[in-house]
4 protein chains.
Amino acid sequence: MEAMARTTETGPAAVDEAVRAVRVSSRRRQILDAAVRVMQRTGFHQMSMQALADEAQVSVGLIYKYFGGKEDVLLGTIVGILDAFQDMLEPAMAGAGDDPVERFAAGFRRYVEIVDENLDAVVLTYRESRTLTPAGRARIKELEISTAAPLRDALAGAIRAGAVGEVDVDLVTFDAMMLAHAWALKRWHFSPRWSLGDYCAAQLRLLLGGLIVPEHAPRYAHLLG
Amino acid sequence: MEAMARTTETGPAAVDEAVRAVRVSSRRRQILDAAVRVMQRTGFHQMSMQALADEAQVSVGLIYKYFGGKEDVLLGTIVGILDAFQDMLEPAMAGAGDDPVERFAAGFRRYVEIVDENLDAVVLTYRESRTLTPAGRARIKELEISTAAPLRDALAGAIRAGAVGEVDVDLVTFDAMMLAHAWALKRWHFSPRWSLGDYCAAQLRLLLGGLIVPEHAPRYAHLLG
Amino acid sequence: MEAMARTTETGPAAVDEAVRAVRVSSRRRQILDAAVRVMQRTGFHQMSMQALADEAQVSVGLIYKYFGGKEDVLLGTIVGILDAFQDMLEPAMAGAGDDPVERFAAGFRRYVEIVDENLDAVVLTYRESRTLTPAGRARIKELEISTAAPLRDALAGAIRAGAVGEVDVDLVTFDAMMLAHAWALKRWHFSPRWSLGDYCAAQLRLLLGGLIVPEHAPRYAHLLG
Amino acid sequence: MEAMARTTETGPAAVDEAVRAVRVSSRRRQILDAAVRVMQRTGFHQMSMQALADEAQVSVGLIYKYFGGKEDVLLGTIVGILDAFQDMLEPAMAGAGDDPVERFAAGFRRYVEIVDENLDAVVLTYRESRTLTPAGRARIKELEISTAAPLRDALAGAIRAGAVGEVDVDLVTFDAMMLAHAWALKRWHFSPRWSLGDYCAAQLRLLLGGLIVPEHAPRYAHLLG
DNA sequence: AATGAATGAGTATTCATTCAT
DNA sequence: GATGAATGAATACTCATTCAT
C-alpha cells in the first residue's frame, strides 16, 4: 500500500510538497485566527508578538517562519477577512433568484450580516490600513473593490432591466458598502436601538426609495415599506 | 509701573488669572495644532512626544504641564477637530435661508467641505478612537452627535413642513454624516474621479431622491437633478 | 560678580553652551571608559547594552543620547585608545634628546609600554575593526598611521644623519609597530618568559642591528648589545 | 552477497568503520570548507547556522551530528587552517636545499604565500580566538608554535653552522611569523604599494641584515640586497 | 513658566539548539 | 544518516514620563 501510494503519477516528492503546503497553510491560518482574536481585544499596535504567540499556541520564533514580521501578520489578517467576505457574499446572492433588485437587496442584507459576524475585523480594516506599506494598502483597496462586485453587478442588472433609473452604479455600490460598514463603525450608536434586520430594512428603504422607478415600485413594496 | 498694573478695577489676581488663561489656551492650541500636523504625517502611534515638542517649538516637559499625557493630547486633538466642525457648520446653515430642505442641503455641502479641509483629522477620528479611554470615547461620541444636530434639525423641519415624508430622522442624519466622512475615508477611491461639488450633488440626489414627497419635488428640482 | 561673569564678551549663552559641552564630553568619557572595561571582560559582541549601562552607572537609554548605537560605542572606544597613544608618544620622544636613533629607541620603548598599559584595548583594535562600517574603518586606519608618525620621523632623521642606511622608512616603522602590538597580541607566548624591558631591548637589537651603519655602531653599543 | 561482503579479512565491522570514518571526514570537511567561505564573507558572529547549512548544502541538524555547536565549528575551522599551514610549509622548505639560511628564507617566503592564499583565515585566527573556550585557545596556541617549527629549526641550523650569530631563536621566529601575518592583518596598508615578492624580499633583508655574520654576508648577497 | 537630561520598562526580531520523523 | 519545524532565551533600541534646575 505504501509503495503504491508512492508510485502515483505525482510521485513522492509531489506528495511531500503537497503535505508541506497544507501544513504551511494550516499554520498560517492558526496564527491569523489568533491575530484576529488578539487584535479585537487590544488593537494592532498594542498586540505584542509574544501575546500573539501565546494566543496561537506557538512560539514567537515560529511566527517569523510564516510571516515576514508584525506588519505582514496585519496584512494577512485583513486580506483574510476580505477574502471571507468575497467567499460568502456570492453564494448568498446566487440563492436570491433572478430579479436583480431582489438580488441587490439580498446581497446588502448578507453583507451587513457578514459585517455583524466580523465587527472587529471590519473596524480593524479602517483603523490599521494606514499602518501597511503602500503595496499592502494597494492590495487591500483592490480586494475591497472586488468584494463589492456582486452588488455592483446586481445594480447594473436592475438598471438594464429598467427597474432602476440611470444612476451612478459605482457611487451607489460604494454607499451601500459604507452603510454596511457603518453597522460596525458606529455600532455604539446603532446597536442599542436597532436590530440587524431593522437596520437592513431601513437602509434598503432609503437606498432603493430614490432609485426604483415609480411604475416598478409596487412589485418591490415589501422592500420600500 | 508694576504697582499700577496691579491696581485695575478687576484686581491684580483676576488680571493675572485672565492672562494666564489666555496663555494656557494659546499654549494648548500651539501644541494641539502641532499635534494635528505631526499626526497627519505619521499617525498617532508613530508620533513621539519629542517630535511633537519639536514641531510645537516647546520642550517635552512643557507638554506635560498642559496635557496629562500622550493620550490626552490625542483626545484634545480629536475634540478640537469636532469643535471646529460644530463652529463652522451652524453659520453655514444659518446663511442658507428658511427652507429646511435647502438648509439640509447647504449643511451637507458644508459638512463635506469641512471634511475636505480636515481629511486627515477625520481619518484620525476613526483610526485612533479606540486608543482613548472609555471616558474619552464617550466624550467623542457625544460631540459627534451634537455636531450633526443642525442637520438633524433641518431634516425634522422638512418633515414638519411636509416636504419630506415620515422617515427616521436619526438614521438619515447618520447616513448623511457617514457619506460625508466617506469623502475622507475612501478618498483613494473617489478623489481621482469626483470633484467635491459633483460628489455632494450626487450624494444629495440619492439622499433626497427617496425622501422628498412627489408634490414638492419640482421646487427642489435643482437638488434632485 | 555673577552679573560680571554674565557680561563677558562670550555672554551667558556661550557659557551655557560650554557647560553643556563639558557635560556631554564627560558623559561620553564615562561611557567609553566603562565600555573598555566591559569589552576587556567579554569582547564587543558579548557586551550587552544593559551590561554597559550597569558598568557605566547610567541607564540604557542615556547611552543612546550620546552614541548612535552599539557600533558607535565601539568606534568611540577604539578612537579613544588611538588618541591616547598619540597623546602619550610624542612627549616621551621629545624628552629623549636630539639623536634620532635614541629618539627612535625611546619611542619604541614608550610605544610598547603604552601597549602594555592597554593590552586589551590593542587586542580590541585587531579583533573588532571589521565590525565597523567602512567609514569607521577608514578613520581607524588614518589614526593608526598618524600614531606612528613620530617613530617614522625619527627614523627618517636617522637616515638623514647618516646613522642608518637607506631603508624603507615606512616598512620599518610598520614593523616596529607590529612588534609593539605583538606584545599584546601574543602575550600568552611572551609574557611568561620576557620582561617588558628585555622584550624592548631584544626587539630593538634586532631592528637596529641591520640598520645602523657599521661606523656609527660603537656609539649605539648600548642599544645593539 | 551481503554475507560475502561481511567476510573480508578485516571483518565487516572494520570496513563499515572505515567507510564511516571517510564519510564523517568528508562531511566535516564539506562543512568546514563552507564555514571558511561564510566567515570570510560575514565573520563568525554574523554567520548563522542556517547560513552555514545552506552554504554546505546540508540541513542544520546535520551540522550538529558532526560538531558540538557553533563554537566547535569555529575551532575546527581555525585548526583546519593551521593544519594546512603545517602541511604546506615543510615540503616547501625541504625543496630549498641544505643551506639553513636559504631554507629559512624559502620558508618565510612560503609562509607569506600561504598567508596570502588564506588572507581571511589568518585574520579570522586573530579576530575570533577569544571566542573559543580556554581549552580551544590552548590548542590553537600549540598549533601556532608547531606551525613555525620548521622556521625555528632552520634558524637554529644557521646558528650552528655559524652563518648567524647567537640570537634568540624563539624571538626571531616569532617576529618572522608576525611579519608574515602582518601581510594579512595590515593588507589595507601594504597591498596597494607592495607586491608579495617585494614584501618578502624587503622583510627578509631587514630580518637577516642584523643576523648574518659579516664574513658570510657575501654568500647571501642575493638575500641582503 | 520652562527646560531637557535621565530613566527603564517594553518589544520586535534573531538564531543556536533540539527532536520527532 | 538526514531533515527542517519548532523552540524560547537573548538583545538592541525606543519612547512616555519624571524631575532637578
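Residue numbers start from 1 in every chain, and the chains themselves are labelled A, B, ... in the order their sequence lines are given, proteins ahead of strands. The figures that follow rest on heavy atoms only: side chains count, while hydrogens, waters and symmetry mates do not.
- Between the CZ atom of R28(C) and the C1' atom of dA5(E) there is a distance of 16 Å, rounded to whole Å.
- Remark: T125(C) engages no residue in a side chain to side chain donor-acceptor pair (under 3.5 Å) (not counting sequence neighbours).
- Under the side chain to side chain donor-acceptor pair (under 3.5 Å) criterion, S129(A) pairs with no residue, sequence neighbours left out.
- In this view, R127(C) and V123(C), R130(D), T131(D) satisfy the side chain to side chain contact (heavy atoms under 4.5 Å, CB included) rule, not counting sequence neighbours.
- Using a 30° and 60° split on the angle between ring planes, Y126(D) and Y126(C) fall in the tilted class, from 30° to 60°.
- Applying the side chain to side chain contact (heavy atoms under 4.5 Å, CB included) rule to S48(D) yields the partners Q50(D), A51(D); only residues at least two apart in sequence or on another chain are considered.
- For DNA chain F, none of the residues of residues 29-43 of chain C falls under the heavy-atom distance limit of 4.0 Å.
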remark   = B/S/- along nucleotides 7-17 of chain F (protein heavy atoms under 4.0 Å) is BB---SBBBSB
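- Taking the side chain to side chain donor-acceptor pair (under 3.5 Å) definition, one finds that Q40(A) meets it with nothing, sequence neighbours left out.
- When the side chain to side chain donor-acceptor pair (under 3.5 Å) test is applied to R137(B), no partner is found at least two apart in sequence or on another chain.
- Contact annotation: Y66(D) reaches the phosphate of dA2(F) (side-chain N/O to OP1 or OP2, under 4.0 Å).
- A salt bridge (charged side-chain N to carboxylate O under 4.0 Å, His left out) check over residues 64-77 of chain B, counting only residues at least two apart or in different chains, returns nothing.
- Not counting sequence neighbours, the partners of R29(C) by the salt bridge (Lys or Arg N to Asp or Glu O under 4.0 Å) test are D33(C).
- Contacts classified as salt bridge (charged side-chain N to carboxylate O under 4.0 Å, His left out) and involving residues 47-56 of chain A (residues at least two apart or in different chains) are given here: R37(A)-E55(A), R41(A)-E55(A).
- Secondary-structure stems of DNA chain E, taken as three or more successive Watson-Crick or G-U wobble pairs (i with j, i+1 with j-1) under a 3.5 Å distance threshold, comprise E:2-21 with F:2-21.
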